[in-house]
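Beneath this line is the structure, given in structure tokens, with notes to follow.
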Amino acid sequence: MTKKANLHEALKKYFGFDKFKGDQEKIIQNLLDGKDTFVLMPTGGGKSLCYQLPSLLMDGVAIVISPLIALMKNQVDFISQLSEHEGTAHYLNSSLNKAAIDQVKSDIQAGITKLLYVAPESLTKEENVEFLKSVKISFYAVDEAHCISEWGHDFRPEYRRIRPIVNEIGKAPIIALTATATDKVRSDIKKNLGILDAKEFKSSFNRPNLYYEVRSKTKDVDKDIIRFIKQHPGKSGIIYCLSRKKVEELAAILRANDIKAAAYHAGLDSPTRTQTQDDFLMENIDVIVATIAFGMGIDKPDVRFVIHYDIPKSLEGYYQETGRAGRDGGEGICLAFYSSKDLDKLEKFMEGKPVAEQDIGRQLLVETAAYAETSVCRRKMLLHYFGEIYDRENCGNCDNCLHPKTKIEAMNQLVTVLQVIQRIKENFRSDYVIDFIIGKETEEIIAHKHHELDEFGIGEDDDPKIWNPVIRQALLMGYLKKEVENYGILKITSAGKKFLKDPQSFMIVKDAEFSDEIDSSEHEGAAGALDPTLAAMLRDLRKKVSKRMERPPYVIFQDVSIDQMATDYPVTLEELKNIQGVGEGKVKQPYAKEFVDLIKKYCDENEIERQVDMRVRTVAKKSMLKVKIIQSIDRQVALDDIANSQGIDFDELLSEIEAIVYSGTKLNIDYFLEEVMDEDHIDDIYDYFSESDTDRLSVAQDELGGDYSEDEIRLVRIKFLSEMAN
């Protein structure tokens, strides 16, 4: 069965294909010849056929080790349809009961089963090891092999036990398969599985049909996503978020804006997840908002866009997730939103983990940040990360290539970098090198006594932002490389040494600037309104209403609400509800209609074309927290007790209560004030707010002369707003 003609016959007979894809035939032949095999093939390249077909042709049963229980079932169903026997393929995992396990074992012993899928945890169970010792094994296939490496994006410690178990069960050829692996991960896989001599088959990681773009993540990110989806109506897409909470929130916001979307994460029950996956495949929904739990084994060829709401923890994860777009070779848009604040959050998640794990995690984040911030071709950066050289200067299908930046000469800076790396014995990572160049006396530099070297601070007169792009682009050009074993340590290549002897022109593009927008707190410094003329008219109206009602202007609408009205032009009470700080209670106030009428008239007179579909409808907070707070205050539970029972601090509770009363709900906290504050103090603060033109806390503290604590002022302000504004 090892002849070429026979292989093609088998391919046609079992799978209905006329020809093999890429290296599939060579891979299968290598395995049939009894040799260890390493396969690096991107998503959609046809990895599974590389072990499915030989298993049907060889004596014995092939063991496929995979971490994906959902995928096992799909593949077993698929193989069963190809064969006359129902038991040709089976899986063994924690989802099976004893009767089902007995059936699997019976089919294997009878020689019916050719392919057995096992989770690594099931493979290591003593009773399974004992059973498999009595069976002829044709070969072992280790799928998702990157799970072996701590440098892989989905490390699983149980994968480290595969080789010892294989030795116990009985030796047979091993084929390791992964869709994404750097040089470091490849070396880890081969070392750990004991297949250092395995023949490597490496397909290109280049997906020319995928468009890559990174955008700055601002407070309008939801609006940007909605606008993008509405520009691609009816197309299938996946949006990845890091937290389950964000997944739920964003899915709700998309639905509120008439986008057929659903949430998917590991916290949902199995029937809901299955239904959501089926709805996506059947196109009952267009967009899945998911954590990385979604997508493993999802076989939908026409996903047209993949959006990363949060930047992923590693470039391998990013590549794998974007790889789910355009698997049919058609359009695939990969859009990521980037903010350095997100990186800070990811670093914080690492606290408490072992030091070695934190170090690996940080190095992977450095690579992700480099990809996000670079102004060079994104395809070039990605392929270089996976050890592949992309020769073209402009790929024509990423944001940086479509909108190239002006290049600047950096020959002298590269010479500086190479000299410094040489001086510190090629023993450090890029952040250390940069700190040395700019003369930053870090603890590590002092510990190595490198601050005493003459070259310390050699580049302090240059723009400090130039050094990262110099190092990144020197890596791309092959003047530098990162050590594989001690990942991240910079080494000078022979091309780099040649450059030092005879420096040539070295043109670079500076990194893109990603400025994180600062959130406004205490309603101060709100974003400028799009239409300053309308904003002024709305403030005039607010002044008139406040005089008529004998209440301060901020009680009618906050500044942040006025500014958003002048940006979004709400012309109905229903639309007014979407404005920040405006809830059901505010909309019911008699003056609310005066504001929408003014905006409508202004739009008509100035022929303003409102982008209604671009206005994000916010989701009424279904958060049970607010409901519980309102119910507890109605029952007159002490506020500090409410905070304790909800697991939040007192300051957080006051912020929640403020949000409730600002948006128009009346709350009576007199029972608590009478317990904790002097009556005269309450009256003094209350009188201050009655006469003040602003509700700002900082101003109140100054005006009241420091006689009262911040909490006291906030509590009385809540009472005042509740009685006067609602």
Would you call the rings of [X] and [Y] parallel, tilted or perpendicular if under 30° counts as parallel and over 60° as perpendicular?
X      : Y      : value
Tyr591 : Phe557 : perpendicular
Phe305 : His232 : tilted
Tyr371 : Tyr212 : perpendicular
Tyr686 : Phe720 : perpendicular

[X] versus [Y]: any side-chain heavy-atom pair under 4.5 Å?
X      : Y      : value
Ser722 : Lys666 : yes
Phe689 : Ile685 : yes
Leu268 : Thr276 : no
Leu639 : Ile633 : yes
Leu541 : Met537 : no
Ile599 : Glu575 : no
Val716 : Tyr688 : no
Arg324 : Tyr240 : yes

Locate the shortest heavy-atom distance separating [X] from [Y]; write the atom from each residue and the value.
X      : Y      : result
Leu210 : Gly323 : CD1-CA, 4.5 Å
Ala535 : Ile562 : O-CG2, 4.0 Å
Pro312 : Leu365 : O-CD2, 4.3 Å
Tyr338 : Val214 : CB-CG1, 3.6 Å
Ala262 : Ala251 : C-CB, 4.1 Å
Phe672 : Ala638 : CD1-CA, 4.0 Å

Measure the spacing between [atom1] of [X] and [atom2] of [Y] and express it to the nearest 0.5 Å.
X      : Y      : atom1 : atom2 : answer
Ser645 : Leu653 : OG    : CG    : 9.0 Å
Met565 : Leu534 : CE    : CG    : 9.5 Å
Glu675 : Gln636 : CD    : CD    : 10.0 Å
Lys313 : Thr368 : NZ    : OG1   : 11.0 Å
Glu283 : Ser236 : CD    : OG    : 4.5 Å
His265 : Leu242 : NE2   : CG    : 13.5 Å

_Sole residue of Lys719, Glu712, His681 in side-chain contact (heavy atoms from CB on, under 4.5 Å) with Leu673_ =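 In the set Lys719, Glu712, His681, the residue that makes a side-chain contact (heavy atoms from CB on, under 4.5 Å) with Leu673 is Lys719.
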
For the pair [X] and [Y], find out whether any cationic side-chain nitrogen is under 4.0 Å from an anionic carboxylate oxygen.
X      : Y      : value
Arg542 : Asp540 : no
Lys465 : Asp511 : no
Lys245 : Glu248 : no

*Verify whether one side chain among Asp279 and Gln275 offers a donor that lies under 3.5 Å from an acceptor in the other.*
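Gln275 and Asp279 do have a side-chain donor-acceptor pair below 3.5 Å.
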
*Using a distance-only test with no angle check, is there a side-chain donor-acceptor pair under 3.5 angstrom linking Gln358 and Arg362?*
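Their side chains do contain a donor-acceptor pair, which is all the 3.5 Å distance test asks for.
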
*Within 6.0 Å of NZ in Lys246, more than 12 heavy atoms from elsewhere*: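 For Lys246, atom NZ is crowded (more than 12 foreign heavy atoms under 6.0 Å).
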
_Would you say CD of Glu594 has more than 12 non-hydrogen atoms from neighbouring residues, nucleotides or ligands within 6.0 angstrom?_
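Yes, because the 6.0 Å sphere around CD of Glu594 holds more than 12 heavy atoms from other groups.
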
*Between Asp342, Asp222, Asp224, which is the residue that forms a salt bridge (Lys or Arg N to Asp or Glu O under 4.0 Å) with Lys217?*
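It is Asp342, the one option of Asp342, Asp222, Asp224 that forms the salt bridge (Lys or Arg N to Asp or Glu O under 4.0 Å) with Lys217.
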
*Evaluate the criterion salt bridge (Lys or Arg N to Asp or Glu O under 4.0 Å) for residue pair Lys601 and Asp597; output intermediate values, then yes/no.*
CA-CA 6 Å; Lys601 189 178 174 206; Asp597 286 348; over 6 Å; no

*asked:* Test your reading of the model: is there a side-chain donor-acceptor pair from Arg378 to the backbone of Asn400, 3.5 Å cut-off?
replied: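 No: the side chain of Arg378 does not pair with the backbone of Asn400.
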
*Step by step, work out the salt bridge (Lys or Arg N to Asp or Glu O under 4.0 Å) result for Arg714 and Asp695.*
CA-CA 10 Å; Arg714 287 178 78 182; Asp695 59 343; over 6 Å; no

